[in-house]
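Here is the structure we will look at, set down as structure tokens.
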Amino acid sequence: MKLLVTGGAGFIGSNFIHYILKSYPEDKVVNLDALTYAGNLENLKDVENNPNYQFVHGDIMDSLLVEELIRDVDVVVHFAAESHVDRSILDSDSFVRTNVNGTLNLLEIAKNSGNKRFHHISTDEVFGSLNIGDPAFNENTHYDPRSPYSASKASSDHLVRSYFHTHNLPVTISNCSNNYGPFQFPEKLIPFFITSLMEGRKLPVYGTGENIRDWLHVKDHCRAIDKIIREGKIGDTYCIGGGAEKTNLEITHKILELMEFDDTNIEYVPDRKGHDKRYAVDFSKIKSELAWEPSVSFEDGIKETVEWYKNNIQWLTNIKTGEYRNYGDHHLNNKHTKIG
Ligand code: NAD
Ligand code: DAU
């Protein structure tokens with residue numbers, strides 16, 4: 001199989017590329033990434049010389065480039081997005097550009113290139129916010145996005161479904177809960193808190209810290225996407241979750257405990273605007289239809305993740321100094337096309 005992965009230099013995309021190249025030594029992967037602040041080619045250092053891997057520096061809005069790349073692939077796996085809720089609250093434009101217009105551009109080109117198989121990576125946030133005691137989100141939950149980020153992702157999901165119904169484009173969608181693990185940009189809760197302690201800073205807990213997220217190790221997300229691409233039913237949506245609901249304070253205490261710090265390192269700060277109370281995902285459909293369920297327990301996954309950040313100080317330093325943005329210039333060789 002030849003895959004066009006968009007956004008493969010980000011957190012989940014880079015883990016997915018590692019997963020595919022390791023699990024399917026015959027598969028070929030083309031990674032199209034614009035290298036925004038969230039794109040980091042150091043995440044792919046281990047595979048950069050693999051002859052089955054090619055990096056292309058470019059934007060999903062660049063139609064000519066996308067047309068050229070899509071021509072000889074079997075499937076498009078679409079991760080590229082602006083992904084951070086706090087940034088979407090400060091400035092929403094780039095979220096609409098990439099998440100909505102960028103997805104539409106890919107769909108249009110996939111349609112015009114012989115109706116390519118298209119898998120869209122989405123989020124549980126499109127379903128809105130749950131109260132304690134509400135049933136978890138599932139494939140039939142109605143959409144109720146509440147941040148500019150989730151509204152842009154909801155819009156992209158609708159566009160993907162519209163291309164299935166209108167043009168018979170062979171699509172699937174997955175809506176996943178909060179991921180954690182190696183290579184996550186240190187702006188998201190878990191890596192931000194781990195790296196803040198490493199750097200001697202306090203942990204800014206929004207509001208009371210009672211908001212709940214459902215945590216899934218990124219490896220398990222990659223396994224689920226792989227199953228959907230190979231065995232999923234065309235036109236269907238799959239909800240993916242970790243079965244590990246935790247309050248933000250539980251996460252904070254766990255990180256403090258693992259890193260041997262005490263509660264005086266917590267600082268309560270004003271709440272996020274429109275802060276969704278709770279997310280939880282019912283993954284029974286993908287469990288019964290595709291025999292997928294999480295394999296990494298939160299206890300093991302969070303320990304391994306803390307260790308990973310402690311053992312990858314250079315990766316972190318390069319982000320903090322901005323050096324990671326020059327990585328491609330220093331390391332790209334003739335196996336890695338750099339266009340644009
Ligand atoms: P990320 O922010 O770490 O990575 C996004 C990647 O997309 C970066 O490499 C960036 O350079 C690239 N990109 C951005 N705009 C682009 C453009 N216009 N053209 C080409 N590349 C572009 O994101 P992530 O956390 O890895 O999330 C990946 C996908 O998974 C997103 O679609 C996100 O909505 C979804 N998702 C994330 C989570 C999570 O917990 N992180 C959970 C569920 C779903
Ligand atoms: O649910 C899936 C989504 O999970 C993905 O679609 C998004 O791309 C991803 O960013 C994530 O969104 P969240 O808003 O849930 O993740 P974040 O890590 O930003 O925040 C997790 C929780 O922690 C949330 O309740 C806000 C809180 N928080 C976050 C930060 C960064 C804090 O209390 N303090 C912080 O400094």
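Counting starts at 1 for both ligands and their atoms, in listed order.
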Winner among [options] once heavy atoms are compared against [atom]:
atom	options	answer
atom 27 (C) of ligand 2	Val281, Asp276, Leu203, Asn248	Asn248
atom 3 (O) of ligand 1	Phe11, Phe183, Tyr37	Phe11
atom 23 (O) of ligand 1	Ser122, Ser83, Ser152, Cys176	Ser83
atom 19 (O) of ligand 2	Arg278, Lys277, Arg272	Arg272
atom 41 (N) of ligand 1	Asn105, Ile121, Leu189, Ile12	Ile12
atom 33 (O) of ligand 2	Tyr206, Phe193, Phe137	Tyr206
atom 18 (N) of ligand 1	Asn101, Val126, Thr103, Asp59	Asp59

Any N or O of [X] closer than 3.5 Å to N or O of ligand 2:
X	value
Asn211	no
Asp86	no
Ser177	no
Arg213	yes

[X] bridged to [Y] by N-O distance under 4.0 Å:
X	Y	result
Arg272	Asp86	yes
Arg97	Glu82	no
Asp226	Arg230	yes
Glu257	Lys254	yes
Asp300	Lys219	no
Lys28	Asp72	no
Arg223	Asp220	yes

Under 4.0 Å from a heavy atom of [X]: give me the atoms of ligand 1 that qualify, with their elements.
X	answer
Tyr149	33 (C), 34 (O)
Phe79	28 (C), 29 (C), 31 (C), 32 (O)
Asn178	40 (O)
Thr36	10 (C), 11 (O), 14 (C), 15 (N)
Ser177	42 (C), 43 (C)
Lys153	31 (C), 32 (O), 33 (C), 34 (O)
Leu35	11 (O)
Gly39	8 (C), 9 (O), 11 (O)

Should you measure from each heavy atom of [X], which atoms of ligand 2 turn up under 4.0 Å away?
X	value
Glu187	31 (C)
Ser83	7 (C), 8 (O), 9 (C), 10 (O)
Tyr149	5 (C), 6 (O), 7 (C), 8 (O)
Phe192	36 (O)
His84	19 (O)
Thr123	1 (O), 2 (C), 3 (C), 5 (C), 6 (O)
Tyr279	1 (O), 15 (O)
His275	24 (C), 25 (O), 26 (C)

Considering only the protein, which heavy-atom contact is closest to [atom], and what is its distance?
atom	result
atom 5 (C) of ligand 1	Ala81 O, 3.5 Å
atom 12 (O) of ligand 2	Glu125 OE2, 2.7 Å
atom 19 (N) of ligand 1	Ile60 N, 3.0 Å
atom 4 (O) of ligand 2	Asn178 ND2, 3.1 Å
atom 20 (C) of ligand 1	Ala34 N, 3.2 Å
atom 4 (O) of ligand 1	Gly10 CA, 3.4 Å

If hydrophobic clusters are built from ILVMFWY residues whose side chains come within less than 4.5 Å, do Ile240 and Val218 share one? no
Are [X] and [Y] linked by a side-chain donor-acceptor pair shorter than 3.5 Å?
X	Y	result
Tyr37	Arg87	yes
Arg117	Thr172	yes
Glu210	Thr208	yes

Return yes or no for this condition: an N or O of Leu32 is under 3.5 Å from an N or O of ligand 1. no
Would you call the rings of Phe298 and Trp215 parallel, tilted or perpendicular if under 30° counts as parallel and over 60° as perpendicular?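 Answer is tilted, since the angle falls between 30° and 60°.
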In terms of the angle between their ring planes, are Phe137 and Tyr279 parallel, tilted or perpendicular, with boundaries placed at 30° and 60°?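 Rings of Phe137 and Tyr279: tilted, as their planes differ by 30° to 60°.
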Determine, stepwise, if the pair Tyr327 / Asn318 fulfils side-chain contact (heavy atoms from CB on, under 4.5 Å). CA-CA 9 Å; Tyr327 183 86; Asn318 289 349; 5.8 Å; no
Determine whether the side chain, the backbone, both or neither of Val85 has a heavy atom under 4.0 Å from any heavy atom of ligand 2. side chain
Give the contacting part of Lys188 toward ligand 2: side chain, backbone, both or neither, where contact means a heavy-atom distance below 4.0 Å.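 Contact part for Lys188 vs ligand 2: both backbone and side chain.
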With a cut-off of under 6.0 Å to the ring centre and 45° to the axis, is Lys285 in cation-pi contact with Tyr238? yes
State whether the number of non-hydrogen atoms from other residues, nucleotides or ligands found under 6.0 Å of Lys287 atom NZ is greater than 12. no
Does Asp33 come within less than 4.0 angstrom of ligand 1, counting non-hydrogen atoms of the residue?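 Flag set, Asp33 near ligand 1.
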Tell me, please: is Gly58 in heavy-atom contact with ligand 1, that is, under 4.0 Å?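 It does, in that a heavy atom of Gly58 comes within the 4.0 Å cut-off of ligand 1.
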Test your reading of the model: is there a side-chain donor-acceptor pair from [X] to the backbone of [Y], 3.5 Å cut-off?
X	Y	answer
Asp33	His57	no
Lys202	Glu267	no
Asn43	Ala9	yes

Show your working on side-chain contact (heavy atoms from CB on, under 4.5 Å) between Trp315 and Phe183 and close with a plain yes or no. CA-CA 9 Å; Trp315 178 88; Phe183 301 119; 3.7 Å; yes
Of Lys111, Glu108, His120, which is the lone residue that meets side chain to side chain donor-acceptor pair (under 3.5 Å) with Tyr163?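 Filter result, single survivor: Glu108.
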